[in-house]
Amino acid sequence: MRICFFNDQRLGLVDNNQVRDISEILKEFPAHAYPYPRHDLLIAALPELHDKITALAATAPAIALDQVTLLSPVQNPGKIVAAPVNYQKHLEEAIEDTATFSRAHVRKIQETGLFLKATHSLVGASEGIELQLLERRTDHEIELAVIIGKTCRNVDYEDALAQVAGYCIGLDITIRGPEERSLRKSLDTYTVLGPWLVTADELSDPSQLEMTLLVNDEQRQHANTRDLILDVADLIVFASKFYTLEPGDILLTGTPEGVAPIHPGDKLCASIDKIGTMDVEVKPIVS
Ligand code: MN
């Protein structure tokens, strides 16, 4: 299944070039009293809702995909866990360019570990990126995003992919400089997730996915997840040693080589095999 959120937080099932409005499903969720659950209830319930979603979608109104505003396909993640330099060629480009990449941040992932991005940075493809601190260099980073489906901790490698609800394209927008990653990568709109979530039953092997990022139709990043230093299962093992992972948690797996600056008005086009393509605008400056 391909699940999306669109327009005014409508829930959709993507069906070729159309979206079936299945917002009715959201009525399945009981009203909650404070304190609210920290994880994403819809992601947690996806496997049991599968048949209901399919049945509802069969008669649901269809809207052309290019007519909807795509929001983040995960609306209530508890945390965004991200991998720093996790492709060898990106490590090499970072080592070579000492002016851009602070020495403190260029080490092997096994030594650096992982970092967290604030959930308030999250937007969907149609919402766009609003650059701030325009005097600073700010880069695009395309990444395979893994959405956790189950509560888990200390996961074994062979069980890791069974914890996954699905996959999305992620953009980890990053200010370069000496500060902590969590500061430079957590500005509003600096995590783009989309265009929809492809459930893990449809994408069972994330280990050979081609990815491409174009900026204004010019290719900037092109790589394959087979070149990840720590693959998706490794990252779940690693992250779950430190954190309890919960349904809806987003795991950004790291970006390949080719990172470069973006500017107001740029048009990004990000594609990953078996997921799809998303167009994301860097919003122009409003004067
Ligand atoms: Mn990144």
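Residue indices begin at 1 and follow the sequence shown. Whatever order the structure lists them in is the order used to number ligands and atoms, beginning at 1.
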Original post:
For the Mn ion (ligand 1), which N, O or S atom of Glu141 is at the shortest distance?
Top reply: OE1
**OP:** Have a look at Asp172 and say which of its N, O or S atoms is nearest the Mn ion (ligand 1).
**Re:** OD2
Original post:
Out of Thr69, Val68, Leu71, Val74, which residue meets the side-chain contact (heavy atoms from CB on, under 4.5 Å) rule with Phe5?
Top reply: Leu71
Original post:
Got a second to check how far Arg153's CZ is from Leu245's CG, nearest 0.5 Å?
Top reply: 9.0 Å
**OP:** Among the N/O/S atoms of Glu143, select the one at the shortest distance from the Mn ion (ligand 1) and name it.
**Re:** OE2
Subject >> Leu131-Val192 co-clustered via ILVMFWY side chain contacts under 4.5 Å >> reply: yes
Subject >> Pairing of Glu141 and Lys185 as salt bridge, 4.0 angstrom limit >> reply: yes
